[in-house]
Structure formats: structure tokens, C-alpha cells
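So you know, we letter chains A, B, ... as the sequences are listed, proteins then strands, and number each from 1.
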Protein chains: 2
Amino acid sequence: MDKRDLIISAALKLFVNNGFHGTATSKIAQEAGVANGTLFQYFKTKDELIIALYIHFKDELVEYVSRNTAENADIKETIKTQVLSSLFWAIDNPTKFRFIQQFHTSPYIGQVEQDILNKQVEPHLALIQKAIKQGIIKPMPADLVYLLITNQVFCFYLFVTSKKLSKAKQHETIETTFEMLWDMIT
Amino acid sequence: MDKRDLIISAALKLFVNNGFHGTATSKIAQEAGVANGTLFQYFKTKDELIIALYIHFKDELVEYVSRNTAENADIKETIKTQVLSSLFWAIDNPTKFRFIQQFHTSPYIGQVEQDILNKQVEPHLALIQKAIKQGIIKPMPADLVYLLITNQVFCFYLFVTSKKLSKAKQHETIETTFEMLWDMIT
DNA sequence: ATATAATGATTGACTAATCAGTCAATACTT
DNA sequence: AAGTATTGACTGATTAGTCAATCATTATAT
């Protein structure tokens, strides 16, 4: 694990526990076991670190989902796989997922270039639009459907983590709630 | 408008724009047009101010919703009225609503006494439980249903504010999406 | 009615602590 | 020996919170 990674995971932990400004860069360096100055070698400013963290973990999630998405399954199966793998990633990486949520509702989200945000959303929007054209999903704005789906994921995540369900029970709940979601939008 | 209210609205504005720790208490006092020390007369610490703000606005929302809820309508009508009035409140008070969301995903949420959180949620949970017993809503954990509903409200809010829809178009979208939500959980 | 006292609200200069970020010195690699 | 990565003491700026002094308001006494 190189110093950059040490800094990233220390920062993740402290930001989620104490908030962005509630975490001093010196505390991050300490937690990472590196010197104060080293942090600024890898990230020019604290803001740059925070934004880099968001892009880093969001990319990790996007990559995980696309790696788990079958190439030529039908649309329902594709969307289902994407929803479920997002959720599994969130359950396995609660701190990273909470960081993303915290970032989304913070003023920092405005500092991320629109290009980067679009690039992560575009493929999903395209898939939804395709499903709407084929008459699978109800005719409605694609970005509303996207919002409904992503919020459902967040919702499942909150539920699954608040109760301490067994893996089997988790899967069962996720399956039923996905079918409910699917019924809603089709 | 007394000083306490001036401080509250100044704090709301700055916290939403700059984050909790990104906002200095001196800036809040300045924005409110009161002296530094006056802020600490009304709120012993900055943390106390932040938490008081959350409870204040959450109460405002809860009160608004319950004021708009008909006494003896049927369950669907009751829940529908609650969802719609939450949403209208959010649209009319975007800064307050964003503050609540920002607070929810921040570490401060852990500092709010469980009693206070429960008191706001309980009546809604009771209503959902009643609907489940009567076989109106599908048999599933009441708190999951509650999560699904509140997240849907957040989702509508994001959609309605991202597009700049006319009031009429807003109502139309909200009506259809509520029916979708209702179909999903019943 | 007027003066005086008492109470409480408000002020802003102040402090000790903390912060992000720098940089000259040091350690490690090639 | 040259180049690169790392260090941590340091700085100027900013922070939350304090407090003695001032101001406003109301109550009491003459």
C-alpha cells in the first residue's frame, strides 16, 4: 500500500466520522502514518483531496457495477444486475458509500466538473432511454427514472444496515424490493 | 424578527452554502447583524446551534404536514396528502429542506437524541402499520415502507428542482409519481 | 411625573487553540 | 553523485468561545 492509498483511506475514515472541515489535514496525515507535508505532495489542497476522494470512490463503484453487468442479457436483467451490484458494493463498503452520500448533499458537489458527473451517469441514462423506447419502462423523463432507481438503492442500503439481517435474508429483501421497483416503473 | 430568528436564518443560509465547519460563527453573527457574543447567548456552542437548527426545521416540516392532513380521510388519501404536503413544503423551502438532507448524511445526526427522532417518525409508522394490518399496504416492515416513501419525496424534490417546471406541470408529475409509488407498496 | 436602581440583553475586543499550507533539511534510490 | 521522496518544525490566518463594559428596559421610590 503506497502513501497515496494510505492517505486516501485515512481521509475516508476521518471525513465520514468527523465531517469534511471537522477533519484536520494534520489528523489525516497522522492516521495515515505519514508526515504533514507528504499529504500536500499528493494533493495540492484539502479541497482537491476531498474531490479526488469522491471521484475515486465513485469510479470504484461504477467500475464494480459495470464489471458485474452481463453483456447481452435483456434490459430488465441488466438493470437488475446493476441495482443489485450497486447495493452489494454499498453493503460491503459502507464507509465509502456514506462518503459518497455525504459528498452529494454537501456544497462540494458544485465543485466537480459537470463532464465527470455526466460521464458516470450517461450509460445508465442511455439504457433507461432504450427501455422507454422499447415500451418496457413507462414513458417518463429518463433522469426521473434514474433518480428513482438510485434513491431506491440508497433506501435499501439504509434498511439493510439498520436491521442486522443475515446474508440470506438480505438477498431475499433485495429481490422483493427490486421487483416492487420494477413493477413501479414498468 | 428577534435576534434568535435572525441568527437562525443567517446560519441556515451559510451552512447550506458553505457547509457546517466551513461557516464561522463570526460570519453567522455578521450575516445576522448581531455581535459575536450574542450568538453564544442564544446557543451555548456551535454544535448546539447546528442541532437546534435541525430540530427547528424538522419540526416546522412535521407541523406543516400534520396541519395539512385531513382528520378522517381514508388511509390512501391521508398518506397522499402527507407526501404531497411534504413535497410542497420542500419546494417552497428548498434551503431548509437541503439543510435537513445535509444534516441527515452528516455525523451530527448521531448527536440528536433518539427520543426526538422517534417522536417525529412514530405517527407515520403507526399509520403505515395500520394500513398493513388492513391489507392495504403489502406485508413488509413498516420502517422499510417509511424509508421508501420519504426517499421518494426526496427524489421528486430533486427532479422538480432540477427541471424548472411550471406549477401545473409540477402538480401533474407529483400526482403520477405518487400513484406509481402507491401501486408499488400496495 | 421624575429620578434612581436593578435587571437583563448586547457588544466587540480579546485569547488560546487550531488550521491549511510552506520549505529547508534529511533520507532514500538509482 | 544526482535526483526524488519524505519529513516536521514553522507561519500567518482563522477559529470557537469569553468577558468586562455598555446599552436598553422595566420596576421602585420619591
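- Distance, Ile7(A) CD1 to dA5(D) P: 13 Å, rounded to whole Å.
- The side chain of Thr38(A) approaches dT6(D) more closely than any other nucleotide in the set dT6(D), dA16(D), dG8(D).
- Applying the 4.0 Å criterion to OP1 and OP2 of dC28(C), one finds that Lys3(A) has every side-chain N and O outside that range.
- The nucleotide whose nearest atom lies closest to any side-chain atom of Ala24(A) is, among dT15(D), dA20(C), dA13(C), dA20(C).
- Distance CG (Asn36(A)) to P (dA5(D)): 19 Å, rounded to an integer number of Å.
- Proximity note for Lys46(B) (side chain, C-beta onward) versus dT10(C), dG17(D), dA20(C): the nearest is dG17(D).
- Smallest separation of non-hydrogen atoms from Asn36(A) and Ser26(A): OD1-CA, 3.4 Å.
- Among the nucleotides dT15(D), dG17(D), dT22(C), the one closest to any side-chain atom of Thr45(B) is dG17(D).
- For Gln41(B), the listed nucleotide lying nearest its side chain is dT10(C); candidates were dA20(C), dT15(D), dT10(C).
- One can place CG of Asp2(A) at 12 Å from P of dA5(D), the figure rounded to the nearest angstrom.
- Rounding to the nearest 0.5 Å gives a distance of 10.0 Å between CD of Gln152(B) and CG of Leu87(B).
- Partner Phe99(B) forms a ring pair (Phe, Tyr, Trp, His ring centres under 6.0 Å) with one of Phe20(B), Tyr54(B), Tyr108(B) and no other, that one being Phe20(B).
- Checking dT10(C), dA16(D), dG8(D) against every side-chain atom of Thr25(B), the shortest atom distance belongs to dA16(D).
- Remark: the Thr69(A) side chain and the Thr81(A) side chain contain no N/O donor-acceptor pair separated by less than 3.5 Å.
- Picking from dA20(C), dC19(C), dG17(D) the nucleotide with the shortest atom distance to the side chain of Lys27(A) gives dC19(C).
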(Q) Let's go through Glu63(B) and Arg67(B) carefully: what are the C-alpha distance in whole Å and the side-chain angles of both, what is the deciding distance for salt bridge (Lys or Arg N to Asp or Glu O under 4.0 Å) to 0.1 Å, and is it a yes or a no? (A) CA-CA 6 Å; Glu63(B) 208 227 320; Arg67(B) 208 174 39 241; 3.0 Å; yes
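- Rounding to whole angstrom units, CZ of residue Phe40(B) and C1' of dC19(D) are separated by 13 Å.
- The side chain of Tyr42(B) contributes an N or O atom lying less than 4.0 Å from OP1 or OP2 of dT10(C).
- Spacing between atom CZ of Arg4(A) and atom P of dA5(D) amounts to 14 Å, rounded to whole angstrom units.
- Atom pair Phe43(B):CZ and dA9(C):P shows a separation of 14 Å (rounding to whole Å applied).
- The CD1 atom of Ile28(B) sits 11 Å away from the P atom of dT15(D) (whole-angstrom rounding).
- To the nearest angstrom, C1' of dT14(D) lies 14 Å from CD of Gln30(B).
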